Number of protein chains: 2
Amino acid sequence: MIRYSKQTRLLLAVDCIIFGFDGETLKILLIKRGFQPEKDKWSLMGGFVQPTESLDQASNRILKQLTGLEGVYLEQLHTFGNPLRDPIERTVSVTYFALIDINKYETQLSSDYHPEWFPLKRVPKLIFDQQDMVELAKKRIRYKAALHPILFELLPPKFTLPQLQNLYESVYNTTIDKRNFRQRVLATGLMMKLEDKDKSGSKRGAFYYQLNMQQYYANFQAFLNFIPNPGNLL
Amino acid sequence: MIRYSKQTRLLLAVDCIIFGFDGETLKILLIKRGFQPEKDKWSLMGGFVQPTESLDQASNRILKQLTGLEGVYLEQLHTFGNPLRDPIERTVSVTYFALIDINKYETQLSSDYHPEWFPLKRVPKLIFDQQDMVELAKKRIRYKAALHPILFELLPPKFTLPQLQNLYESVYNTTIDKRNFRQRVLATGLMMKLEDKDKSGSKRGAFYYQLNMQQYYANFQAFLNFIPNPGNLL
DNA sequence: ATTTTGAAGTGTGATTATTACACTATGAAA
DNA sequence: TTTCATAGTGTAATAATCACACTTCAAAAT
């Protein structure tokens, strides 16, 4: 086999920042690392890129390994390549962030990794430079969600407007006027009102909505304004 | 030395998409590839990541190698890792895009690589998946410039408003009303009007402006609207 | 000297988007 | 039938955006 001689080869890993929303706060899923170094420390779910797989395939594999989920929102975030980030051997890490419906996850939990959900404000110390990865992912999700309807990926297929508002408020750590929020999001035409209500949150019940997938895909790249004064909040 | 045994190591490269603006059109800088495979074909400037350098260091090194420039705008774009993208040996490429002042470049040109500027509409066939890299870079620059004042990086320190407008019009392949454009950009407070004029473009001459760096850094993350209806143009 | 020329520069009114803000409706439980 | 907690609704004021056409300047030509 011909090779590019004299060049250094190195390890390539993929690490996933997995976001979920429990109705209250935005959380990320961490595992207890299963091997040395830093064994049993809290860590992002990750793994080495295998010889025949692409980076997207690797990240999907890793996500499925932990959550059992496929076909979820997964986007490449950034590649971290500081030469000393892994003390054992140089390893470059391509990070992805995933947005999953926390309910779908809970039923298919793979417990090999002792995974746990942590609210973003209470993320434990992480190994290597994973703290930076999480920070960057937080920034990115806020940035992107201010303009594009990605947060729906965190909700079940049927959701209520109060749920959606909670989600936005928790992502941006702010409060939004109910009337303005409803007007704003309904004006996008992304949501269809359903007949039935969610009665879990109140006696009166709140109407369910679901995404209009046509509109969703058509408008995904448009600059939608989901939150007031987004620039102030990032 | 302890290592992660049994994992495959692979080559890591950095490729740079270098943008410049000549006053007329937005261009990228390409080189004739100096080694096999695909020797002498048009290619992005790139190189392998060296054992002791970070990815940012590698991209800066590569950019300097070609242009002689340091301290220019350089941002990580995306990492391409399709296992078959390089036919010789698996090589993952971390791409960066650079925005440079084309005038600064011309004086320090390194000709070892037979570099040439190509208008974005007339980019020749590129090797491997570099076509995808360029497409993505184009999208990213449009996306980002719609919200953040990055295009100033393509202009000399002193520039005129007609120049700036030309730049925006050429990036978005559109025309913008002069009055609205001036109002819009001056309202950001990013620019300071200078005493002297550029007389090269007209008899009357256009006033030079320069960036107010305070404002520039302070407002960089804010969502500024530089072009009308950005969502329609991306 | 006067005129021509070509780009630079300027202001306003109409439309649209955004914001602030407070009460009523519902239905279960007490 | 009253209480309670959350769901749901409208409007007016303000701000942002858009469309649109003429004047100013200074060099070059006459």
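Worth knowing before you read on, the calculation uses all heavy atoms, side chains too, and leaves out hydrogens, waters and symmetry mates. Every chain is numbered from 1 and lettered A, B, ... according to where its sequence line falls, protein lines coming before strand lines. This one's a predicted model, so the numbers in the text were calculated from it and none came from an experiment.
Between the CZ atom of F226(B) and the P atom of dT17(D) there is a distance of 12 Å, given to the nearest Å. In this structure, D196(B) atom CG and dA8(C) atom P are separated by 16 Å, rounded to whole Å. To the nearest angstrom, P of dA12(D) lies 15 Å from CG of N180(A). Atoms CD (Q163(A)) and C1' (dT6(D)) sit 13 Å apart, rounded to a whole Å. The interatomic distance linking F181(A) (CZ) with dA7(D) (P) rounds to 13 Å, in whole Å. To the nearest angstrom, P of dG9(C) lies 12 Å from OH of Y208(B). Whole-Å rounding puts the R204(B) CZ to dA28(D) P distance at 17 Å. Whole-Å rounding puts the Q165(A) CD to dA7(D) P distance at 9 Å.
Counting atom types as modelled, D177(B) pairs no side-chain N or O with a base atom of dC18(D) as donor and acceptor under 3.5 Å.
Closest approach of Y168(B) and A145(B) over heavy atoms only: CE2-O, 3.9 Å.
Place K178(B) and L186(A) on DNA chain D by their nearest nucleotides, and L186(A) ends up nearer the 5' end.
Here dA8(C) is the nucleotide among dA8(C), dC25(D), dC18(D) with the atom lying nearest to any side-chain atom of P162(B).
Counting any heavy atom pair closer than 4.0 Å across all strands shown, K199(B) reaches sugar-phosphate atoms only and no base atom. Within the 4.0 angstrom heavy-atom criterion, only backbone atoms of the sugar-phosphate kind lie near R184(A); the bases stay farther away.
DNA chain D contains the following stems of three or more consecutive Watson-Crick or G-U pairs, with both distances under 3.5 Å: C:1-30 with D:1-30.
For R182(A) and dG8(D), the shortest distance from a side-chain N or O to OP1 or OP2 is below 4.0 Å. Here N225(A) does not reach the OP1 or OP2 of dA17(C): none of its side-chain N or O atoms lies under 4.0 Å away. Neither OP1 nor OP2 of dC21(C) sits under 4.0 Å from any side-chain N or O of R179(A).
Side chain of H148(B) to backbone of A222(B): a donor-acceptor contact under 3.5 angstrom is found. Side-chain N or O atoms of R142(B) include none that pairs as donor or acceptor with a backbone N or O of Y172(B) at under 3.5 Å. Remark: side-chain polar atoms of T95(A) are paired, donor with acceptor, to backbone N or O of H78(A) under 3.5 angstrom.
Ring pair F97(A)/Y73(A) is tilted by interplanar angle, where 30° to 60° counts as tilted.
Counting only N and O atoms by type, the side chains of S200(B) and D198(B) include a donor and acceptor under 3.5 Å apart.
Side-chain contact between Q65(A) and R61(A) is present, with at least one heavy-atom pair separated by less than 4.5 Å.
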